[in-house]
Colleague: 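So that we are looking at the same thing, I have put the structure below in structure tokens.
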Amino acid sequence: MRNPLSKTIESIKPSGIRKFFDIVNEMTDAISLGVGEPDFDTPWHIREEGIYSLEKGKTFYTSNAGLKELKVEICKYLNRKFDLNYDFNNEVFVTVGGSEAIDVALRVMIDPGDEVLIPEPCYVSYLPCVQLTYGVPVPIPLQEKNKFKLTKEELLANITDKTKVLVMPFPNNPTGGIMTREDLQEIVDVIIEKDIFVISDEIYSELTYGGKNHVSIASFPGMKERCIVINGFSKSYAMTGWRLGYAAGPEEIISQMIKVHQFAIMCAPTTSQYAAVEALKNGDHDVETMRKAYDQRRRFLLKEFERIGMKCFEPEGAFYMFPSIEKYGLSSEEFATRLLMEEKVAVVPGTAFGDSGEGFLRISYAYSIDNLKIAMERIEKFVKRLEAK
Amino acid sequence: MKDLREDILNVIETNSRISMEELAVRLGADKEQVVDEITAMEKEGVICGYNTLINWDNMDCDKVTALIEIKVTPQRGQGFEKIAERIYKFDEVESVYLMSGGYDLTVFIRGKNMKEISNFVWNKLAPLESVTSTATYFVLKKYKEHGVALVNTAKEDERMLIAP
């Protein structure tokens, strides 16, 4: 029999920490700080609206781009939150989570051989999605000393005449780093001068702390036309399982993205779309309540890491801490595996998010304070043991 | 300052046992500042007490709660204050609210059993001079109180242990 698999798919490495995931998922008695999704249930009024849509028999496809009412609400939201102006008619469409939007954006923008700049550590899907388009992923390792921001120098050093797209994953999973208006201004100038495009994954845009509201790179003059903004409902409204996101950008790109979406997906889940309308209309309060809860946990964990002597930069976004474990002389994967075996605490090694994550752990604080307390006691025991040796 | 106060109240409303150290860390404030604000709010009558939320149904003891709608004749110069006071001073009375709508006062009463509550209504409340009528409803089951669901509260974390 011939090999059923394509050379492309065989060239894509499975997630490097697959083995680790398998071990963890068998240890049912472990305490986990390893999850990249909110611990809150979707607010009831949003769930209730989904239920109501089912009762009314709203069980058919929507138009490919999504419910008109939802697209209108998305555009209003992007305007009131980030000062972005999109036409609901042809500059936005609804996707199956932010993940689909990432995949489709790359597919419509990348030709074989085009280079895509990916600041790392970052979410796991950008790199393989680039490979699936026969593009060339170019990781840019970000530095802890820069608070894991992308600097102008780092960007310039990686641009070649083949560079077409820059992925902007901020607020960042796994580091918690953000880009402020000043940080963005520096790189915006480079992007325009070098004529490259941006896929801005802003899924954590509602989760920033210390009074630093998220700034969308698409809001800078001259950027809207070269930027695809990706956002969704998973993190801000605790709606991961509903699988709903969206992309906004210039009609020229969005219309092609809808074409791919139309052939591959048809439309995003109808029930989720009805629920999402309610989220955007009446969910601001929920977002704020959850953000405050995350912020309290963030402050609590920062203090805890300081107390037990683990170095950790102060994250200003998402719901992750990214402490350094360099001083313990173990690799990220060794540290995480031993922590799991010896203290039954599951965290994700930094290397799951790119090679530059070596020497770090991703700690999620999408857990109750009580849960965090127990986990930190165990982590403390573990590092004290390492230090004693 | 108003923000800090609100943040403090939001936390202690559901967890009054939190230590001042932890509260300060979580709110990004100094411990002294938090203690001062709480003391001030106690003095100003913003914080009126620290109760424990108990589901008495799960205790093996007799407790019955009733809601009573009361119509009263307001008194000249006193409005509803005087009659409300006469009612809330009874130990049996848990809460008293002045209402808009078809009747005037809502009163929650707790007693050992239905008989005790009936006696109280007939002997103490109904005969009050300005009370013109009462309607008593017994609580059969409490599902939620002070924002906390009292039934089926335990929920397993159904998320995967690790997810990117």
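In what follows, every chain begins at residue 1, and chains take the letters A, B, ... in the order their sequences are listed.
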Colleague: Could you tell me which portion of A:V35 (side chain, backbone, both or neither) has an atom closer than 4.5 angstrom to a non-hydrogen atom of chain B?
Modeller: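 It is both, since atoms from each part get that close.
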
Colleague: Quick check on A:L302 against chain B: is it the side chain, the backbone, both or neither that has a heavy atom closer than 4.5 Å?
Modeller: neither

Colleague: Does the distance from a Lys or Arg side-chain N to an Asp or Glu carboxylate O, for B:E129 and B:K82, drop under 4.0 Å?
Modeller: no

Colleague: Are the aromatic rings of A:Y204 and A:F319 close, with centres under 6.0 Å apart?
Modeller: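 Distance test on ring centres: under 6.0 Å, yes.
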
Colleague: Check whether the ring centres of A:F313 and A:F322 lie less than 6.0 Å apart, and answer yes or no.
Modeller: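 Judged by ring-centre distance (under 6.0 Å), A:F313 and A:F322 do not meet the cut-off.
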
Colleague: Tell me, for A:D41 versus chain B, whether the close heavy atoms (under 4.5 Å) come from the side chain, the backbone, both or neither.
Modeller: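 Looking at A:D41, just its side chain touches chain B.
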
Colleague: Please flag which part of A:R297 lies under 4.5 Å from any non-hydrogen atom of chain B: side chain, backbone, both or neither.
Modeller: neither

Colleague: Using the ring of A:Y367 (Phe, Tyr or Trp, six-membered ring only), decide whether B:R159 places NZ or CZ under 6.0 Å from its centre and within 45 degrees of its axis.
Modeller: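 Relative to the ring axis of A:Y367, which defines the angle, B:R159 lies inside both limits.
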
Colleague: Please check if the distance between the ring centroids of A:Y294 and A:Y320 is under 6.0 Å.
Modeller: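 Between A:Y294 and A:Y320, the centre distance exceeds or equals 6.0 Å.
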
Colleague: Where does A:A366 contact chain B at under 4.5 Å (heavy atoms): side chain, backbone, both or neither?
Modeller: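 For A:A366, the contact with chain B is made by backbone and side chain together.
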
Colleague: With a 4.5 angstrom heavy-atom cut-off, could you sort out which part of A:Y123 is near chain B: side chain, backbone, both or neither?
Modeller: side chain

Colleague: Between B:R26 and B:E21 (salt bridge meaning N to carboxylate O under 4.0 Å), is one present in this structure?
Modeller: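 No, B:R26 and B:E21 are not salt-bridged.
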
Colleague: Using a cut-off of under 4.5 Å for heavy-atom pairs, which of A:K373, A:R298, A:M27 has the most such pairs with chain B?
Modeller: A:K373

Colleague: Chain A heavy atoms under 4.5 Å from B:E158: which part of the residue, side chain, backbone, both or neither?
Modeller: neither

